[in-house]
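Please read the structure below before turning to the comments.
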Amino acid sequence: MMSLTSMPRSLRPARAASPAGPPTISPVVELNVGGEFYTTTIGTLRKLPGSKLAEMFSCSAKVFKDAEGRFFIDRPGTYFGHILDYLRSGQLPTQHIPEVYREAQFYEIKSLVKLLEDTPQIFGEQVARKQFLLRVPGYSENLELMVRLARAEAVAARCSSVLVCAVRTEEDAAHCAESLRVLEADKRLVVKFGPWKAAPVIRDLLDSVRMDIEAQGYQVAYDYCSKKTFQPKPVACEYFYTFIFTWW
């Protein structure tokens with residue numbers, strides 16, 4: 001680990017000695033960000049005091065250097081150019097906004113984070129969808145359970161299925177209670193979502209489940225469950241869905 005300070009310059013006979021003070025550094029620096037190389041200035045990196053990026057390049061900071069002497073940051077480098085563009089000129093990204101948003105959060109560039117939160121992509125995800133999902137009890141735990149059940153059925157199979165019950169209201173929950181008891185008696189595992197107190201409907205919940213599972217790298221789709229599953233009470237089938245995981 002090395003300090004972000006330059007080696008002392010040799011004394012020049014024609015110039016008086018400078019007053020004692022902290023060591024200085026060349027204003028131009030080369031960076032290695034996760035294997036991507038950038039050239040910028042210390043002034044750009046320190047442009048927003050209080051950010052983690054500015055702190056990383058303060059005079060007292062300890063940093064790593066790679067074999068070529070470039071300052072090394074152990075982060076994905078693909079989107080760091082967008083961070084520099086914002087620091088240099090205030091330019092906002094037009095592509096890869098969620099990824100740049102994540103990096104802006106890491107580097108604690110609060111003004112960029114706020115601006116990106118006003119874009120449709122981040123606003124829709126952070127303010128609309130995620131706030132809805134926070135109102136769905138046990139949402140994250142149910143996602144994990146679905147993945148575990150699907151993987152358990154994947155041995156020597158191309159696809160595996162998970163049965164899901166989604167109910168928006170207490171009235172919906174009452175309508176499918178008997179079917180849930182029948183499935184439990186038959187030792188059928190069901191992942192139940194809801195009820196919730198928010199405007200989105202069942203289809204919105206199911207789309208969110210699919211999106212979040214796909215974000216983990218799985219190939220998944222869903223459809224209504226077969227009515228045969230619930231004989232002799234087919235009325236409850238509107239609340240039951242089968243999620244199909246395709247493995248190959």
Worksheet item: In the single-linkage hydrophobic clustering (I, L, V, M, F, W, Y; side-chain heavy atoms under 4.5 Å), do Val164 and Leu189 co-cluster?
Response: yes
Worksheet entry | Polar side chain donor-acceptor pair, Asn32 to Tyr38, under 3.5 angstrom | no
Worksheet item: Think Lys65 forms a cation-pi with Phe72, using NZ or CZ under 6.0 Å from the six-ring centre and within 45 degrees of its axis?
Response: no
Worksheet item: Side chains of Tyr222 and Arg203: is there a donor and an acceptor less than 3.5 Å apart?
Response: yes
Worksheet item: Salt-bridged, Arg70 to Asp66, with N to O below 4.0 Å?
Response: yes
Discussion item. What verdict does the side chain to side chain donor-acceptor pair (under 3.5 Å) test give for Tyr239 and Arg168, after you've listed the backbone C-alpha separation in whole Å, the side-chain angles of each residue and the deciding distance to 0.1 Å?
Written reply: CA-CA 9 Å; Tyr239 303 108; Arg168 181 185 177 191; over 6 Å; no
Worksheet item: Do Val201 and Phe132 belong to the same hydrophobic cluster, where Ile, Leu, Val, Met, Phe, Trp and Tyr are linked whenever their side-chain heavy atoms lie under 4.5 Å apart, directly or via other members?
Response: no
Fill in: Glu125 and Lys130, any side-chain heavy atoms less than 4.5 Å apart
yes
Worksheet item: Rounded to the nearest 0.5 Å, how far apart are CG of Leu84 and CG of Leu45?
Response: 6.5 Å
Worksheet entry | Path from Val220 to Ile244 over hydrophobic side-chain contacts below 4.5 Å | no
Worksheet item: Is a side-chain donor-acceptor pair under 3.5 Å present for Ser111 with Tyr86?
Response: yes
Discussion item. If we count only N and O atoms by modelled type, under 3.5 Å, do the side chains of Asp223 and Tyr241 hold a donor and an acceptor together?
Written reply: no
Worksheet item: Same cluster or not: are Val127 and Val100 linked, directly or through other Ile, Leu, Val, Met, Phe, Trp or Tyr residues, by side-chain heavy atoms under 4.5 angstrom apart?
Response: no
Worksheet item: Can you find a side-chain donor-acceptor pair between Tyr101 and Glu117 that sits under 3.5 Å?
Response: yes
Worksheet item: So, are Arg129 and Asp207 salt-bridged, with charged N and O less than 4.0 Å apart?
Response: no
Fill in: Co-membership, hydrophobic cluster, residues Phe37 and Tyr79, 4.5 Å side-chain
no
Worksheet item: Taking the six-membered ring of Phe243 as reference, does the NZ or CZ atom of Arg210 fall below 6.0 Å from its centre and within a 45° cone about the axis?
Response: no
Worksheet item: Between Trp196 and Tyr139, does the ring centre distance come in under 6.0 Å?
Response: no
Worksheet entry | Arg75/Phe106 under side-chain contact (heavy atoms from CB on, under 4.5 Å): CA gap, chis, key distance, verdict | CA-CA 9 Å; Arg75 290 290 294 179; Phe106 173 79; 3.4 Å; yes
Worksheet item: Ion pair present between Glu99 and Arg102, side-chain N to carboxylate O less than 4.0 angstrom?
Response: no
